[in-house]
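From a predicted model like this one, the values you see are computed outputs, not experimental measurements.
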Amino acid sequence: MNTITAYFAALFGNFLLSLGFSLQKKHVHWLSAKRRGERIRHGEIIGWVSGFILMNVQPIFNYLALEKLAPNIVAALGGSNIIFTILLSYFMLGEQIPSRKVPFIFLLMASLAYAGLVGQEASQQFNAQAFWVAFFIPTAFAMLVLFASKRMSPERIGLFLGSAAGALGGFMVLALEALRMNYGPSVLNWFLSAYLYVYLFCGIASFLIKQFAFERGKMTAVAPSFYGLLVLYPSIAAYFVSNVPIRIPQLIAFGGISAAIVLISI
């Protein structure tokens with residue numbers, strides 16, 4: 001696999017993730033059909049389960065991409081989920097694309113393409129100390145915000161918890177990189193590694209924190225902060241965890257991706 005193939009592997013994995021979300025959204029009604037006294041349709045169960053499977057296949061493509069691309073590039077390509085989700089929602093769910101968001105979608109597409117052009121190959125270094133520091137920062141921040149949330153306004157809760165959830169969700173790429181660098185494709189050895197449980201913790205914690213943020217905070221604050229940090233935090237942390245050199249063109253690409261995501265989410 002070369003770098004171009006790895007780039008499209010990461011994009012394809014994100015497409016599968018978005019397709020999985022869309023399938024679950026389209027067929028979610030079966031979960032509450034019995035409570036509403038309606039007949040459960042097997043087609044909806046199959047569609048929902050198919051979506052669930054596709055969502056969990058996506059990390060395989062990220063792992064393959066990490067063989068050739070630095071983790072900051074793979075993390076940045078996660079921004080393509082926004083484009084795929086919007087397009088699939090239009091074709092599968094009949095949801096309209098607001099015209100005001102079209103320029104930002106093109107900005108996101110251009111930034112993703114630029115990130116690929118100025119990308120760099122996978123690093124062969126791994127800084128375990130930097131990894132744990134980068135993991136501790138959003139974890140501790142989320143705990144502090146949850147502890148002090150009763151004293152915060154809905155805007156601040158949404159902003160802070162959305163950021164923490166996004167950072168933890170994005171950090172899953174670095175946990176996957178840690179597994180790749182230290183254990184390779186030997187999945188059985190993964191179960192003996194703390195990195196696997198960091199990966200699982202980040203996924204679960206990100207999901208639960210986001211739900212709390214949706215409940216207590218404002219959506220207009222949650223969505224931009226979540227999606228922005230989902231891309232930006234692991235992209236920046238990778239410079240320290242994987243010891244990849246800082247390149248200005250990459251920072252411009254990551255900034256464009258994050259800005260476009262925030263503008264689309266508002």
Side-chain angles (χ1 to χ4, degrees), residues 3-26 28 51 54-55 57-59 61-62 65 69-119 158-159 162-163 165-167 169-170 172-173 206 210 213-214 217-236 238 248-266:
T3 55
I4 296 176
T5 305
Y7 178 86
F8 284 103
L11 285 180
F12 184 67
N14 286 311
F15 170 77
L16 293 181
L17 178 62
S18 299
L19 180 59
F21 277 130
S22 299
L23 283 171
Q24 286 201 311
K25 172 67 174 177
K26 184 178 180 66
V28 72
L54 289 176
M55 289 168 59
V57 165
Q58 187 260 356
F61 291 89
N62 271 354
L69 295 175
N72 54 354
I73 300 298
V74 176
L77 292 177
S80 62
N81 278 315
I82 302 293
I83 297 173
F84 292 137
T85 300
I86 289 174
L87 293 176
L88 289 169
S89 296
Y90 175 79
F91 289 107
M92 294 178 60
L93 306 175
E95 297 182 3
Q96 298 300 309
I97 303 175
S99 58
R100 65 180 180 82
K101 294 187 177 184
V102 173
F104 307 138
I105 293 174
F106 279 107
L107 172 61
L108 180 54
M109 292 172 63
S111 299
L112 288 168
Y114 187 53
L117 289 174
V118 298
L159 175 64
S163 298
M172 294 172 71
V173 171
S206 177
K210 186 169 62 172
F214 284 154
K218 285 196 173 184
M219 183 63 176
T220 52
V222 176
S225 58
F226 173 79
Y227 288 116
L229 269 293
L230 187 69
V231 170
L232 194 59
Y233 186 74
S235 299
I236 300 300
I248 299 302
Q250 287 181 346
L251 295 180
I252 293 173
F254 300 154
I257 292 170
S258 298
I261 288 174
V262 170
L263 291 170
I264 291 171
S265 302
I266 294 176

Identify the heavy atoms of [X] and [Y] that sit nearest to each other, and give their distance.
{"X": "G51", "Y": "L23", "result": "CA-CB, 3.8 Å"}
{"X": "A10", "Y": "L77", "result": "CB-CD1, 3.7 Å"}
{"X": "P234", "Y": "L229", "result": "CD-O, 3.4 Å"}
{"X": "A213", "Y": "G162", "result": "CB-N, 4.4 Å"}
{"X": "S235", "Y": "F254", "result": "CB-CD1, 3.9 Å"}
{"X": "G228", "Y": "I261", "result": "N-CG2, 3.9 Å"}

Kindly write out the residues that satisfy side chain to side chain contact (heavy atoms under 4.5 Å, CB included) with S206, not counting sequence neighbours, or none if the list is empty.
A165, L168, F226
Side chain to side chain contact (heavy atoms under 4.5 Å, CB included) against S80, all qualifying residues, sequence neighbours excluded:
L11, N14, F84, L112
Tell me if the CD1 atom of I252 is crowded by more than 12 foreign heavy atoms within 6.0 Å.
yes
Heavy atoms of other groups near Y227 OH, more than 12 under 6.0 Å:
no
Pairing residues for T85 by the side-chain hydrogen bond (donor to acceptor under 3.5 Å, both in side chains) criterion, not counting sequence neighbours
S18
Would you say L17 and L54 make side-chain contact, with heavy atoms under 4.5 Å?
no
Let me confirm one number: the [atom1]-[atom2] distance from [X] to [Y], rounded to the nearest 0.5 Å.
{"X": "M55", "Y": "L16", "atom1": "CE", "atom2": "CG", "answer": "12.0 Å"}
{"X": "L232", "Y": "S225", "atom1": "CG", "atom2": "OG", "answer": "12.0 Å"}
{"X": "I257", "Y": "Y114", "atom1": "CD1", "atom2": "OH", "answer": "11.5 Å"}

Could you pull out all donor-acceptor pairs under 3.5 Å where a side-chain atom in residues 90-106 meets a protein atom, sequence neighbours excluded?
{"from": "R100", "atom 1": "NH2", "to": "I266", "atom 2": "O", "distance (Å)": "3.3"}
{"from": "K101", "atom 1": "NZ", "to": "I264", "atom 2": "O", "distance (Å)": "2.9"}

For I236 and N72, what are the C-alpha separation, side-chain angles and deciding distance, and is it a side-chain contact (heavy atoms from CB on, under 4.5 Å)?
CA-CA 7 Å; I236 300 300; N72 54 354; over 6 Å; no
Please list, chain by chain and in numerical order, all residues satisfying ring pair (Phe, Tyr, Trp, His ring centres under 6.0 Å) with F21, sequence neighbours excluded.
none
